[in-house]
Amino acid sequence: MTTPASPEGSSTTGRQPQDHNPWAPPSSQAGEVRPLPYPVPTGQPRNGMGITALVLGLVGLVLGMFLILFWISWLPALLALIFGSIGMNQARKGLATNKAMAVSGLVMGILGLLLAVGSAAFTVVAVKHVVDEARGKVKEAKEERRSEAAAEKARHLSFGKPYTFGDGLKVTVAKPTPFTPDAFAHGHAKGNKAVQVTVTVVNTGKDRVSVETGLPDVNDADGASAELVIDGSGRQKVITGYVLPGRKAVGKYAFSLPPAAADRIEVEFSPDAMRWDDAYWSGPTR
């Protein structure tokens, strides 16, 4: 049985003419061209933006892993973000075929930027910590010097003022009084002026304390050491042994001064020279 031929100018349902062009825009009527919603590719795909984004993203990501390179890692990461966005847009329009590459570059650019920002923040915090620590050490050194200067100043007193050492012994040196050595005195030259220095030590603590250094040193007005006078009058008394809590010990000492430097003296004393620095009492002898 023979199938009747189709009328001229008609087409069979579901079949395309042999000369149909798949790239040609569709037409609804003869002679009417309907525009496509996307551009028709006419040449090589524009994959450069995606490739560039991928390369820059890798560079930015690798550099961002090094804390000291954060200051240069942000630039390739930012460019990867820009080129990746352009590459994705071109892929959506059908102008490029490497959308995955563009997306990867964009993602790595974002990660690179985050690493750069994080590294910058960490570096700022670390540098601030180092600077604060250095400033703290400088401040501590200044405070220590001020404390030492204050302690040094506190150890220089006038006659009659008390000074308390670290072991609780409060020491007072009274203003010197004239002293007349007897005929058998040792350490007193004829024509010199002799003075008596009285040292009072009070134990303000709760335990008994030993006085290891019982003799003071005396400097005349010129800064020279004065000679200790020893005679047989029994008026001199050296502080020795322990001082009980709440009790006191009194030492009396005589020194010979040259006439030209006898108007002022300085007395140095410490109950234990191995543990405590000397305190100084000074003033006129008249």
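Residue indices begin at 1 and follow the sequence shown. Everything numeric in this text was worked out from a predicted model, so none of it was measured.
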ask   = So do the side chains of Leu111 and Leu113 get within less than 4.5 Å of each other, counting heavy atoms only?
value = no

query = With a 4.5 Å heavy-atom cut-off, do Lys170 and Val201 have their side chains touching?
reply = no

query = Does a side-chain heavy-atom distance below 4.5 Å link Thr204 with Leu169?
reply = no

query = Once you round to the nearest 0.5 Å, how far does CG of Asp182 lie from CD1 of Ile230?
reply = 11.5 Å

remark   = Shortest non-hydrogen pair, Pro162 vs Leu157, comes out as O-CD2, 3.4 Å

request  = Evaluate the side-chain proximity of Pro178 to Gln196: yes if any heavy-atom separation is below 4.5 Å, no if none is.
outcome  = no

inquiry  = A quick test of your reading: do over 12 heavy atoms of other residues, nucleotides or ligands sit less than 6.0 Å from CZ of Arg46?
reply    = no

message = Is it the case that over 12 heavy atoms from other parts of the model lie below 6.0 angstrom from the CZ atom of Arg247?
response = no

message = Could you measure the distance from the CE atom of Met49 to the CG atom of Asn98? Nearest 0.5 Å is fine.
response = 11.0 Å

key: Smallest separation among heavy atoms of Leu61 and Gly112, with atom names   = CD1-N, 4.1 Å

Ion pair Glu148/Arg145, N-O distance below 4.0 Å = no

ask   = Under the side-chain contact (heavy atoms from CB on, under 4.5 Å) criterion, do Asn219 and Glu268 qualify, and how do the steps go?
value = CA-CA 8 Å; Asn219 300 317; Glu268 301 178 27; 3.0 Å; yes

request  = Please name the pair of heavy atoms, one in Glu227 and one in Gly187, separated by the smallest distance, quoted to 0.1 Å.
outcome  = CG-O, 3.0 Å

query = Does the salt bridge (charged side-chain N to carboxylate O under 4.0 Å, His left out) test come out yes or no for Arg155 and Glu152, once each step is laid out?
reply = CA-CA 5 Å; Arg155 293 201 308 272; Glu152 178 69 20; 2.2 Å; yes

ask   = Looking just at side-chain N and O atoms, do Thr213 and Asp272 make a donor-acceptor pair shorter than 3.5 Å?
value = no

ask   = Minimum heavy-atom separation for Ala80 to Ala53, with atom names?
value = CB-O, 3.4 Å

remark   = Of Asn192, Leu228, Val195, the one forming a side chain to side chain contact (heavy atoms under 4.5 Å, CB included) with Ser256 is Asn192

ask   = Between CG of Asp231 and NE2 of His188, what distance do you get to the nearest 0.5 Å?
value = 10.0 Å

query = Do Val211 and Val171 share a hydrophobic cluster, counting only Ile, Leu, Val, Met, Phe, Trp and Tyr and linking them when any side-chain heavy atoms are less than 4.5 Å apart?
reply = yes

key: Met65 and Leu115, any side-chain heavy atoms less than 4.5 Å apart   = yes

key: Check: Ala96 main-chain N/O paired with Asn47 side-chain donor or acceptor under 3.5 Å   = no

Flag if over 12 foreign heavy atoms under 6.0 Å of CG, Asp132 = yes

Arg264 and Ser282: CA distance, side-chain angles, deciding distance, side-chain contact (heavy atoms from CB on, under 4.5 Å) verdict = CA-CA 7 Å; Arg264 184 179 183 87; Ser282 61; 3.9 Å; yes

inquiry  = Under a 3.5 Å distance rule, please check whether Lys193 uses its side chain to pair with a backbone N or O of Phe179 as donor and acceptor.
reply    = no

request  = Using atom types as modelled and distance alone, determine if a side-chain donor or acceptor of Asp222 lies under 3.5 Å from a backbone N or O of Ala224.
outcome  = no

message = With a 6.0 Å cut-off (strictly less than), is the heavy-atom count around NE2 of His186, excluding the residue itself, greater than 12?
response = no

ask   = Tell me, do Leu54 and Phe83 make a side-chain contact under 4.5 Å, heavy atoms counted?
value = no

Val202 reachable from Phe159 in the ILVMFWY side-chain graph, under 4.5 Å edges = no

key: Side chain to side chain, Met274 and Glu212, heavy atoms closer than 4.5 Å   = no

inquiry  = I need the Thr285 OG1 to Asp220 CG distance, nearest 0.5 Å.
reply    = 10.5 Å

request  = Over all heavy atoms of both residues, which pair between Lys252 and Arg235 is shortest? Give the atoms and the distance, please.
outcome  = CB-O, 3.7 Å

request  = May I ask you to test the Arg208-Pro245 pair for a side-chain heavy-atom distance under 4.5 Å?
outcome  = yes

query = Under 4.5 Å between side-chain heavy atoms, hopping through other hydrophobics if needed: is there a path connecting Val218 to Tyr280?
reply = no

ask   = Is it true that a side-chain atom of Ser147 and a backbone atom of Glu143 form a donor plus acceptor pair closer than 3.5 Å?
value = no

Closest contact, heavy atoms only, Gly64 versus Ser119 = O-OG, 3.5 Å

inquiry  = Nearest 0.5 angstrom please: Met101 CE to Ser104 OG, how far?
reply    = 8.0 Å

Passing option when Phe269 is tested against Asp278, Leu215, Val197, Val199 for side chain to side chain contact (heavy atoms under 4.5 Å, CB included) = Val199

ask   = Parallel under 30°, tilted from 30 to 60°, perpendicular over 60°: which one fits the rings of Trp281 and Tyr163?
value = perpendicular

query = How far apart are the C-alpha atoms of Ile239 and Val250, what are their side-chain angles, what is the distance that settles it, and do they pass the side-chain contact (heavy atoms from CB on, under 4.5 Å) test?
reply = CA-CA 7 Å; Ile239 301 175; Val250 179; 5.9 Å; no

Single-linkage hydrophobic cluster Met108~Leu56, side-chain heavy atoms < 4.5 angstrom = yes

ask   = Ile72 and Val117: same hydrophobic cluster, using ILVMFWY side-chain contacts below 4.5 Å?
value = no

ask   = Nearest 0.5 Å, what's the CZ-CG distance between Phe255 and Asp217?
value = 7.0 Å

message = Does Trp276, at its CH2 atom, have more than 12 non-hydrogen atoms belonging to other residues, nucleotides or ligands within less than 6.0 Å?
response = yes

